[in-house]
Number of protein chains: 2
Amino acid sequence: MWLTVDPRSSTPIYQQVVDGVKSAVARGLLPPGSRMPSVRELATSMTLNHNTVAKAYQELERAHVIEVLRGRGTFVAAVEPRVDREARVQTLKEAMKRLMVEAHYIPLTGDEILRLFLVAAQEWQAEQGGCEA
Amino acid sequence: MWLTVDPRSSTPIYQQVVDGVKSAVARGLLPPGSRMPSVRELATSMTLNHNTVAKAYQELERAHVIEVLRGRGTFVAAVEPRVDREARVQTLKEAMKRLMVEAHYIPLTGDEILRLFLVAAQEWQAEQGGCEA
DNA sequence: CATGTGTACCATATCATCCAGTACACATAG
DNA sequence: CTATGTGTACTGGATGATATGGTACACATG
């Protein structure tokens, strides 16, 4: 399955669903245009409440990861640049700086941080299902 | 001030204090051995409850960012490698991969991600107060 | 029509967070 | 000794997020 949820985790279940779907889509496991399982279907298969899954789907729609067609179902949306691209780049850069703080306490040097980042990028690339971008 | 807290943020106040102190220490604004403001002092200056600040201090002590001396005060600890170093490196790498997912939705190419990371590292370096590591 | 969609409610329970107040054990200065 | 300033440990209460269960509605389709 392309989604796993840990009910004992401190991160909310609906957030785990959001992250899991985002990751699966980014890896090509759920190609654009493909059909998502229905709210109740995913809820019963994961032993969750349909409201919890619905909340995750709503957040995924706000993030333009999926598209909802009333009465028909939800589908994986195509990734396309948005108007707030520059702001999101800035947010990502801030997140990177937060990682620098964490790295400081391991501790890692600047070179080691960069090297680790390259390894992470390489592994991330390898975990892709060999699917086109 | 080396600490700012946004009460309207979704991230808990005590967590913001933890992150703020971590960042300030990593930047050299609070050098190792220097005295931290007391729980009640920081609480009144930030218009917080002393229990909230105390919770942040306890978390910072668990993370070995500060050292607590009963009845004397809290002081900034020296950064030294720990036994769980490898596990923390792994955690950091996982966090980096999560950033790759976010970057996918901007969208950014692999080269752009790396370039942004280098810029973030450079800016982080520049924001250091010119203090020794 | 029946069925399967997403969605909107209601109510309830649990947990984290935050604040307020009080109190205790400790170290230090007077 | 007392007084003060530390961190810490309680209690209690308020608030919000989270998660569940149940019901119901509007929509699209066969």
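Below, chain A is the first sequence line, B the second, and so on; all start at residue 1.
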So if I take every side-chain heavy atom of Arg70(A) and compare against dT7(C), dA19(D), dT5(C), which nucleotide ends up nearest?
dT7(C)

State whether Tyr14(B) places a side-chain N or O below 4.0 Å from either non-bridging phosphate oxygen (OP1 or OP2) of dT17(C).
yes

Can you tell me how far P of dC10(C) sits from CG of Asn49(A), to the nearest Å?
16 Å

Could you state the atom-to-atom distance from CG of Leu42(A) to C1' of dA19(D) in whole Å?
15 Å

Go nucleotide by nucleotide along DNA chain D from the 5' end; which of Val68(B) and Gln16(A) gets its closest nucleotide reached first?
Val68(B)

May I have the distance from Glu67(B) (atom CD) to dA27(C) (atom C1'), rounded to whole angstrom?
17 Å

Show the numbers, then the answer: is there a side-chain contact (heavy atoms from CB on, under 4.5 Å) between Leu116(A) and Leu108(A)?
CA-CA 10 Å; Leu116(A) 183 65; Leu108(A) 291 181; 4.2 Å; yes

Report, as yes or no, whether the 6.0 Å neighbourhood of atom CD on Gln122(B) holds more than 12 heavy atoms from other residues, nucleotides or ligands.
no

If you check the Ala54(B) side chain, which of dT8(D), dG6(C), dA19(D) turns out closest?
dT8(D)

Relative to the 5' end of DNA chain D, which residue comes earlier, Gly71(A) or Thr52(A), by the nucleotide with the nearest heavy atom?
Thr52(A)

How would you label the contact of Glu61(B) with the nucleic acid (heavy atoms, under 4.0 Å): base, sugar-phosphate, or nothing?
sugar-phosphate

Atom-pair distance (CD on Glu41(A); C1' on dT3(C)), nearest Å
14 Å

For a quick test of reading the model: is some side-chain N or O of Gln58(A) closer than 4.0 Å to OP1 or OP2 of dA8(C)?
yes

Looking at the side chain of Ser38(B), which of dT6(D), dC18(C), dG6(C) is the nearest nucleotide?
dT6(D)

Qualifying residue for side chain to side chain contact (heavy atoms under 4.5 Å, CB included) with Tyr14(B), from Asn49(B), Val53(B), Leu48(B), Thr52(B)
Thr52(B)

Among dG7(D), dT17(C), dT5(C), the nucleotide that comes nearest once only the side chain of Arg35(A) is considered
dT5(C)

Given dG7(D), dT23(D), dC19(C), which nucleotide is nearest the side-chain atoms of Tyr57(B)?
dG7(D)

Ile13(B) atom CD1 is separated from dG16(D) atom P, nearest whole Å, by 13 Å

Whole angstroms only, please: what is the CG-C1' distance between Leu60(B) and dT8(D)?
16 Å

Judged by each residue's nearest nucleotide on DNA chain C, which is more toward the 5′ side, Asn51(B) or Lys55(B)?
Lys55(B)

Smallest heavy-atom separation, Pro81(A) atom then Pro107(B) atom, equals CA-CD, 3.7 Å

Looking only at the side chain of His50(B) (C-beta and beyond, no hydrogens), which of the listed nucleotides dC18(C), dG21(C), dT18(D) gets closest?
dG21(C)

Nucleotide dA26(D), atom C1' - distance to CG of Leu69(A) in whole Å:
15 Å

Is it the case that more than 12 heavy atoms not belonging to Arg115(A) sit under 6.0 Å from its CZ atom?
no

Regarding Arg40(A) and Thr44(A), is there a side-chain donor-to-acceptor distance under 3.5 Å anywhere?
no

Between atom CE in Met36(A) and atom C1' in dT7(C), what is the gap in whole Å?
16 Å

Is Arg72(A) side chain donor-acceptor paired with the dT3(C) base, going by distance under 3.5 Å alone?
no

Base dT4(D) paired with Arg40(B) side chain (donor-acceptor, <3.5 Å)
no

Sugar-phosphate, base or nothing in reach of Thr74(A), heavy atoms under 4.0 Å:
sugar-phosphate

